[in-house]
Amino acid sequence: MTDNGSASGRVLAEARFQDVDAVFLVDVRGWLSRPLRGWAPRLVRDVAVVLGELMTNAFRHAGPPFAVRVSVPPPGLALRVEVHDGAAARTSGWTLGRGLLVVRDLCQDWGVEHRPDGKIAWAEVPIPVASETIGPGARRH
């Protein structure tokens, strides 16, 4: 696990919440269906699982406000999932529970970035290599 910070890139989807939103959490895959239309179904499923796990941890262990972002950071080989929260407490000594073990297994990298106003839990889900799964409008060179 490394601390890459919030990588810039093409933002595909964002949402903000003033408090815990259990309805959104239940339908994460539905929320992702529009911005990830045309992407490989397995990638969409993996992103939904990772986002759901990171959101569940934020809702349980942190405080509002919350925000989520899905983006394609350069060089475009992964989808980055970020969950921002308003809890400024440091996250040292975390034990890997079932949810973070799932995140670790599905992602090429993940971590936490601490900021004065909270933290960002992020994970990068690798994009399948086959050209037809890269995403709409994208071309590989």
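Note that the structure is predicted; figures quoted are calculated from it, not measured.
Between Pro128 and Arg42 the shortest side-chain heavy-atom distance does not fall below 4.5 Å. Inter-residue side-chain proximity for Val112 and Ile120 is flagged as unmet; no heavy-atom pair is nearer than 4.5 Å. Here the side chains of Arg69 and Arg80 are not in contact, with every heavy-atom distance at 4.5 Å or above. Residues Leu43 and Leu36 have side chains not in contact (no heavy-atom distance under 4.5 Å, counting atoms from C-beta outward). Residues Val81 and Trp110 have side chains not in contact (no heavy-atom distance under 4.5 Å, counting atoms from C-beta outward). In this structure the side chain of Val68 reaches within 4.5 angstrom of the side chain of Trp31, judged on heavy atoms. With a 4.5 Å cut-off on side-chain heavy atoms, Leu54 and Leu100 count as touching. Taking 4.5 Å as the limit, every side-chain heavy atom of Val125 sits out of range of all side-chain heavy atoms of Leu106.
Between Asp85 and the choices Phe17, Phe59, Phe66, the side-chain contact (heavy atoms from CB on, under 4.5 Å) rule is met once, by Phe66.
Across every non-hydrogen atom of Pro35 and Ala13, the tightest pair is CG-CB, 3.7 Å. Among all heavy-atom pairs drawn from Cys107 and Pro126, the shortest one is CA-CD, 4.2 Å. For the pair Ala123 and Val50, the tightest heavy-atom approach, listed with the atom from each and the gap, is CB-CG1, 3.7 Å. Closest of all the heavy-atom pairs between Gln18 and Pro64 is O-CB, 3.0 Å. The minimum heavy-atom distance between Glu82 and Trp122, with the atom names listed, is CG-CB, 4.0 Å. The two residues Ala48 and Val28 come nearest to each other via the heavy atoms O-CG1, 3.8 Å.
To the nearest 0.5 Å, atom CG of residue Asp46 and atom CH2 of residue Trp39 are 13.5 Å apart. Atom CZ of residue Arg60 and atom CE of residue Met55 lie 12.5 Å apart, to the nearest 0.5 angstrom. Note that the NE2 atom of His84 and the CD atom of Glu14 stand 7.5 Å from one another [nearest 0.5 Å].
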Please test Leu12 against Leu79 for side-chain contact (heavy atoms from CB on, under 4.5 Å), starting from the C-alpha separation and ending with a verdict. CA-CA 9 Å; Leu12 302 176; Leu79 287 182; 3.7 Å; yes
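Atom CZ of Arg45 has more than 12 heavy atoms from other residues, nucleotides or ligands within 6.0 Å.
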